[in-house]
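All chains are named by letter (A, B, ...) in the order of the sequence lines, taking the proteins before the strands, and each is independently numbered beginning at 1.
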Amino acid sequence: MASTASINDLVIEPGADSELEQSRLENSTEFSRLTSPRIIQRRTWTAESSELISQVLPSAEDAPQHTAPQDVVLPTVTSFKPLSVPPLEWPASRRTILQRWEGVVSEVREDEFDARLTDLTSPRAPEEQATFPMSEISASDEPLVEPGAVFYWYIGYEDKVGGQRERTSGIRFRRLPAVRSATPDPEIDALAELFGVRR
Amino acid sequence: VSQSRPAADEVELSVFGSGIGEGLAIHIGDGDWIAIDSCIARETGQPAILSYFDELGVPASKIRLVVATHWHDDHIRGLSSIMRAATSARFACSSALQTDQFFKLLQVGKNSMIAASSGTQEFLELGRIALSRLPKGARPAGAFPDIYAHENGRLFQRSASDGPFPVELWSLSPSAATKSIADARFARHVMSSGAKKRLPANDNTVSVALWLSVGNDHVLLGADLEDHGRPGEGWLGVIDAFTVPAKARIFKVSHHGSPNGENPAIWSTLIESDPVLATTTFLGGRKPRPAPADVSRLCSRSTRTYCTGRSVQASPHRRDPMVEREMDAVAQNRTVLHGPTGHIRIRFTPGGKAPRIDTRRGALRLCSTSTSAA
């Protein structure tokens with residue numbers, strides 16, 4: 001990940017180090033506390049900086065177990081030397097899309113709607129029509145379901161971290177802002193003139 | 001079915017339907033054709049009309065007029081390809097589109113980035129073709145379309161001295177009242193949702209119904225014109241405004257045989273008894289058309305009722321079995337919207353014997369001959 005902050009830019013305020021470690025001991029699983037401006041000053045600070053810190057500082061789990069905060073003795077840290085640490089990568093599930101359609105809603109009823117489907121994976125496949133239950137639509141998309149509305153439907157599978165494979169299907173309605181016709185379009189203007197509509 | 005071209009003195013009405021699309025090709029004698037609307041043939045990915053011309057060995061340059069009855073996907077897909085190939089054709093579309101709001105709609109459609117082809121994108125392409133054919137500096141305002149169709153408007157005329165029989169094509173709609181309704185609808189859509197949505201296909205009252213006169217024979221082409229019983233609109237507007245020269249012997253049934261695609265009065269005022277009826281399928285709605293009740297209704301009008309296909313599901317596209325299982329788990333009532341491209345071909349000589357009717361690629365006669373016409 002690119003960062004605009006150099007590790008050399010990060011300075012921990014003299015005197016705040018013990019407070020920092022104290023905080024770490026009290027909140028051993030929360031690295032977010034490290035970003036507190038009360039503790040860390042920055043010359044150039046971006047969101048990535050906290051990740052850099054997480055890479056150069058020992059993790060809370062790796063920190064020595066102290067019996068009491070008063071036992072902690074830390075040197076005052078004034079600067080870091082650049083370290084070459086590979087970025088942390090967590091294994092993620094992988095999604096493979098096998099089939100995509102573009103749908104146009106043709107009729108809406110109380111708990112279902114009809115739509116005409118254009119195959120985006122095999123463009124030569126004939127159009128189909130199908131009925132979809134509203135239960136397949138997310139609550140945030142439900143208000144968008146009306147005749148003429150455009151949506152995308154995909155089917156695929158997801159390979160989970162543990163090796164399981166699951167079928168997935170998703171329907172997402174188009175949320176583009178309406179394209180208005182107020183913006184001049186020379187081609188449309190020329191056509192409208194040709195058709196005797198505009199002069 | 002013979003793939004020979006129609007004779008010079010023969011009229012042909014070819015009706016193509018591919019599940020949800022509709023297109024017509026009309027031979028008006030002497031090798032000249034008129035194309036009305038378009039559907040894409042699933043088998044070729046090309047407009048069914050152009051594929052048929054390839055079979056017959058007819059160059060698209062023989063198309064004299066291209067008509068867009070309205071701009072819905074199922075009637076306009078591929079029309080720009082036809083127009084591009086038909087280098088000497090004039091173009092006509094509904095006068096309900098002659099409004100600034102429609103061009104605002106084209107603008108939002110242009111920016112919508114929706115994969116499914118839409119009427120706005122096809123119409124935009126038609127405009128681009130027109131622009132490319134007119135050199136810069138020679139694009140007078142109103143140069144395209146060549147003709148705006150409205151009630152009682154003549155779109156095409158050929159005198160008897162210029163061909164084997166006289167030909168006239170008249171537009172019967174839209175009425176002035178319908179046009180203002182369409183304008184308001186376009187405006188509402190542009191203002192309310194812009195490119196987030198596509199305009200629902202519910203403005204069939206602006207469709208261009210057509211009347212073809214070939215010699216002393218007449219053909220009524222219903223497009224998707226609907227009727228909701230309101231005076232001055234839809235079929236009621238047509239009946240009020242159009243002076244019928246004689247009744248039509250052939251009717252391209254409007255709106256895929258839906259009950260709202262007709263007004264009972266059209267059967268007594270515009271159409272002969274026991275006509276030839278041709279309709280196309282529409283598999284995209286809740287109820288595929290023509291529904292069984294539509295078939296019964298049409299067959300009660302004429303036993304010579306034909307359709308471009310059955311209103312049943314076509315073979316689905318084969319996908320990964322896991323995808324199919326998940327599709328079935330999430331979506332119900334899956335229907336493939338495009339079947340084989342059925343073709344009804346009606347040929348007759350004006351003033352001659354009864355029309356000869358062929359059905360191809362899944363098109364069929366809907367009524368058994370034992371059903372008696374009402």
Side-chain angles (χ1 to χ4, degrees), chain A residues 98-99 101-107 112 114-133 136 144 146-150 153 155-157 167-169 171 173-183 185 187-199, chain B residues 19-20 42 45 97-100 102-108 110-116 124 127-128 130-131 134 139 141-145 148 189-190 192-200 283-286 314 316-317 319-320 322-323 325-327 329-338:
Chain A
L98 295 178
Q99 178 67 47
W101 290 270
E102 178 188 271
V104 178
V105 176
S106 53
E107 188 177 330
E112 62 183 14
D114 294 333
R116 195 178 289 188
L117 301 170
T118 301
D119 193 321
L120 299 179
T121 306
S122 307
R124 283 188 67 88
E127 282 184 315
E128 293 187 39
Q129 177 164 291
T131 301
F132 294 84
E136 291 289 336
L144 304 175
E146 55 181 330
V150 177
W153 180 25
I155 288 175
Y157 54 79
R167 290 206 309 261
T168 61
S169 166
I171 294 175
F173 274 75
R174 192 171 185 174
R175 291 175 180 280
L176 284 177
V179 178
R180 301 297 182 201
S181 55
T183 312
D185 183 320
E187 185 185 40
I188 296 292
D189 289 341
L191 285 177
E193 193 175 324
L194 188 70
F195 276 69
V197 172
R198 296 176 194 164
R199 306 273 170 185
Chain B
I20 57 168
R42 178 180 168 184
L97 307 183
Q98 192 181 16
T99 159
D100 196 51
F102 181 66
F103 283 84
K104 287 178 176 171
L105 194 66
L106 287 187
Q107 186 170 344
V108 294
K110 179 182 175 182
N111 296 315
S112 70
M113 296 179 293
I114 295 173
L124 205 57
R128 286 173 179 145
L131 280 176
L134 293 167
R139 295 172 181 168
F144 190 83
Y148 273 118
H189 184 76
V190 169
S192 67
S193 62
K196 283 192 296 188
K197 297 197 305 179
R198 287 174 61 184
L199 185 65
L283 306 180
R286 286 279 288 168
H317 179 70
R319 297 185 173 87
D320 183 292
M322 194 281 267
V323 171
R325 281 197 298 276
E326 190 66 20
M327 283 183 83
V330 174
Q332 297 129 33
N333 306 325
R334 286 173 53 200
T335 308
V336 176
L337 296 179
H338 294 273

Measure A:Tyr157 against the heavy atoms of chain B and call it side chain, backbone, both or neither at under 4.5 Å. both
So which part of A:Glu107 gets closer than 4.5 Å to some heavy atom of chain B, the side chain, the backbone, both or neither?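 Side chain only.
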Ignoring hydrogens, what is the shortest heavy-atom contact between A:Trp153 and B:Ala331? Give both atom names and the distance.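 Closest approach of A:Trp153 to B:Ala331, heavy atoms only: CH2-CB, 3.9 Å.
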Minimal heavy-atom distance between B:Gly127 and A:Phe195, with the atoms involved, is CA-CE1, 4.3 Å
Selection from B:Asn333, B:Leu134, B:Leu124, B:Leu97 maximising heavy-atom pairs under 4.5 Å formed with chain A: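 Sorted descending by pairs with chain A, the first entry is B:Asn333.
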Specify which of B:Leu106, B:Leu131, B:Asp320, B:Val330 makes the most heavy-atom pairs with chain A at under 4.5 Å.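 Between B:Leu106, B:Leu131, B:Asp320, B:Val330, the count favours B:Val330.
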Spacing of [atom1] belonging to [X] relative to [atom2] belonging to [Y], to within rounding of 0.5 Å:
{"X": "B:Thr335", "Y": "A:Glu128", "atom1": "OG1", "atom2": "CD", "result": "8.0 Å"}
{"X": "A:Asp185", "Y": "B:Phe103", "atom1": "CG", "atom2": "CZ", "result": "12.0 Å"}
{"X": "A:Ile155", "Y": "B:Glu326", "atom1": "CD1", "atom2": "CD", "result": "5.5 Å"}
{"X": "A:Glu127", "Y": "B:Arg42", "atom1": "CD", "atom2": "CZ", "result": "11.5 Å"}

Are any of the side-chain heavy atoms of A:Pro133 and B:Gln332 separated by less than 4.5 Å? yes
One pair to check against side chain to side chain contact (heavy atoms under 4.5 Å, CB included): B:Arg325 and A:Arg167. What are the steps and the verdict? CA-CA 10 Å; B:Arg325 281 197 298 276; A:Arg167 290 206 309 261; 3.7 Å; yes
My understanding is that only one of A:Leu98, A:Asp119, A:Thr121 makes a side chain to side chain contact (heavy atoms under 4.5 Å, CB included) with B:Arg319; could you say which? A:Asp119
What part of B:Phe102 lies closer than 4.5 angstrom to a heavy atom of chain A: side chain, backbone, both or neither? neither
For chain B, which of A:Ala125, A:Ala190, A:Gly156 has the most heavy-atom pairs under 4.5 Å?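 Looking at each option in turn, the highest pair count goes to A:Ala125.
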